Peer 1: 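Would you mind keeping the following structure in view while I ask a few things?
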2 protein chains.
Amino acid sequence: MEQKNPKAFTSSINPLEVFKEIEWKALELKRGDFLIKAGQTEKYLYYVVSGALRAYTYVDEEEHTIRFGYKNSIIAAIPSFFNEQPTDIYIEALRKSTLYRAKKIDFEKVMQESVKSLSYYNALLKDLIATFYEREIDILQKDPAKRLKRVLERSPQVFQEVPHKYIAAYLRMSAETLSRLLNS
Amino acid sequence: MEQKNPKAFTSSINPLEVFKEIEWKALELKRGDFLIKAGQTEKYLYYVVSGALRAYTYVDEEEHTIRFGYKNSIIAAIPSFFNEQPTDIYIEALRKSTLYRAKKIDFEKVMQESVKSLSYYNALLKDLIATFYEREIDILQKDPAKRLKRVLERSPQVFQEVPHKYIAAYLRMSAETLSRLLNS
DNA sequence: TTCTTTTTTTAACAAAGGTGAATAGAATCA
DNA sequence: TGATTCTATTCACCTTTGTTAAAAAAAGAA
């Protein structure tokens with residue numbers, strides 16, 4: 001069974017397999033490129049083939065890392081994707097990355113045509129809700145060591161893919177605290 | 001516009017209006033009664049007419065308050081409702097409460113029969129995702145005063161409905177810290 | 001490869017918030 | 001109503017984690 005978190009607003013479903021009727025367009029990002037920036041409205045869902053990305057937002061000048069995208073994960077500015085309002089999320093490539101993207105309108109078209117697609121879409125939504133819920137429980141833990149443990153057990157590979165300073169931010173701790181925890 | 005959070009896994013939609021075809025059964029809870037307990041699978045969606053409830057879960061013996069339900073809000077053990085697996089959530093009435101409930105299977109039936117219902121259902125899901133996202137940003141704030149401010153501005157009435165010690169837990173701070181903040 | 005930039009580690013220090021305890025105040029129930 | 005239980009406040013103390021700074025290590029670019 002594939003791990004679920006902390007992929008970016010993700011699902012254990014491989015959308016390229018499931019939504020074959022949809023046109024998936026390949027794209028290449030280099031380190032520092034953005035998939036989306038605050039103010040834009042999310043029109044795509046992305047599937048990461050290789051590389052690493054992070055989603056973050058600002059509240060009162062403070063940056064908060066909220067999700068990662070890496071191999072086999074879905075990433076997008078999900079709230080904007082669903083409500084079609086401008087997002088406050090930035091998604092940035094942390095290194096050279098290859099992804100596929102599909103248009104929201106293409107999803108909707110396929111959804112109307114096929115009951116099977118609709119049920120897959122529902123599965124995707126369920127997975128999304130599960131991910132959000134897991135995330136909520138993760139960050140509620142008071143003890144930084146517990147927060148680390150949960151994510152480390154669920155998604156050990158993220159520690160290979162993503163610089164620790166971003167993982168620390170994702171776990172709402174300083175890079176120094178994460179370093180202390182990993183070396184003890 | 002109605003506030004969105006921290007209702008319990010909620011929506012600004014009034015489901016009694018929108019899902020008229022569904023049979024909504026009234027129920028009365030007294031203080032201390034449970035809507036659902038860990039281990040059970042959520043088969044209902046509840047709409048709160050009056051009263052106050054809280055949803056909480058345990059991680060390593062520690063209790064975490066995750067949502068509240070009160071007047072005009074929806075509450076349920078949402079992840080379980082969607083994935084049909086046993087939940088780890090408890091939902092408890094904090095005082096005498098009146099609610100309506102509808103069966104999941106009735107939702108599904110209506111969804112198949114009417115495109116309009118399906119689109120309302122989608123709206124409900126969007127709202128749910130927005131709520132989860134707001135919640136994530138809320139609890140990520142480092143400063144307890146900021147976490148309080150966000151919820152206080154969005155849902156001032158929760159401070160009338162719910163004992164502060166639960167609000168403190170919801171805001172991941174001690175009751176003492178909340179008291180300090182409110183009296184300064 | 002070498003150079004440069006970025007990331008990680010370590011340490012000393014400060015400060016924020018939790019804990020425990022005791023009191024005061026509210027709400028609930030018989 | 002009065003009694004009891006539950007909730008909120010206050011204080012002193014202490015632990016934990018963030019901050020600042022500097023050095024070491026690693027990764028990326030040329």
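Lettering of chains follows the sequences in order, A, B, ..., and the numbering in each one begins at 1. Computed from a predicted structure; not experimentally measured.
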Peer 1: Going by the rule side chain to side chain contact (heavy atoms under 4.5 Å, CB included), which residues pair with R95(B) if we only count those two or more places apart in sequence or in a different chain?
Peer 2: A52(B), E161(B)

Peer 1: Can you sort out the partners of Y90(A) under ring-ring contact (aromatic ring centres under 6.0 Å, His included), two or more places apart, ordered by chain and number?
Peer 2: Y56(A), Y58(A)

Peer 1: Which two nucleotides bound the region of DNA chain D that has atoms under 4.0 Å from heavy atoms of chain B, read 5' to 3'?
Peer 2: dC6(D) to dT19(D)

Peer 1: For S117(B), give me all partners under side chain to side chain donor-acceptor pair (under 3.5 Å), at least two apart in sequence or on another chain.
Peer 2: S114(B)

Peer 1: What residues, two or more places apart in sequence or in another chain, satisfy side chain to side chain contact (heavy atoms under 4.5 Å, CB included) together with L182(A)?
Peer 2: L148(A), H164(A), L178(A)

Peer 1: Taking only residues two or more places apart in sequence, or in another chain, which ones meet T65(A) in a side chain to side chain donor-acceptor pair (under 3.5 Å)?
Peer 2: R54(A)

Peer 1: Which parts of nucleotides 16-24 of chain C does protein reach within less than 4.0 Å, heavy atoms only, written one letter per nucleotide 5' to 3' as B for base, S for sugar-phosphate only and - for none?
Peer 2: -SBBBB---

Peer 1: Who passes side chain to side chain donor-acceptor pair (under 3.5 Å) against R150(A), sequence neighbours left out?
Peer 2: E134(A), D138(A)

Peer 1: For K149(A), give me all partners under salt bridge (charged side-chain N to carboxylate O under 4.0 Å, His left out), at least two apart in sequence or on another chain.
Peer 2: E153(A)

Peer 1: K37(A): what forms a side chain to side chain donor-acceptor pair (under 3.5 Å) with it, not counting sequence neighbours?
Peer 2: none

Peer 1: Using five base pairs at each end to define the local axes, how bent is the helix from dT1(C)-dA30(D) to dA30(C)-dT1(D), to the nearest 10°?
Peer 2: 70°

Peer 1: Identify each atom pair where a protein N or O and an N or O of nucleotides 6-8 of chain C are less than 3.5 Å apart, giving names and distance.
Peer 2:
{"residue": "dT7(C)", "atom": "OP2", "partner": "K165(A)", "partner atom": "NZ", "Å": "2.5"}
{"residue": "dT8(C)", "atom": "OP1", "partner": "H164(A)", "partner atom": "N", "Å": "2.6"}
{"residue": "dT8(C)", "atom": "OP2", "partner": "H164(A)", "partner atom": "N", "Å": "3.2"}
{"residue": "dT8(C)", "atom": "OP2", "partner": "K165(A)", "partner atom": "N", "Å": "2.8"}

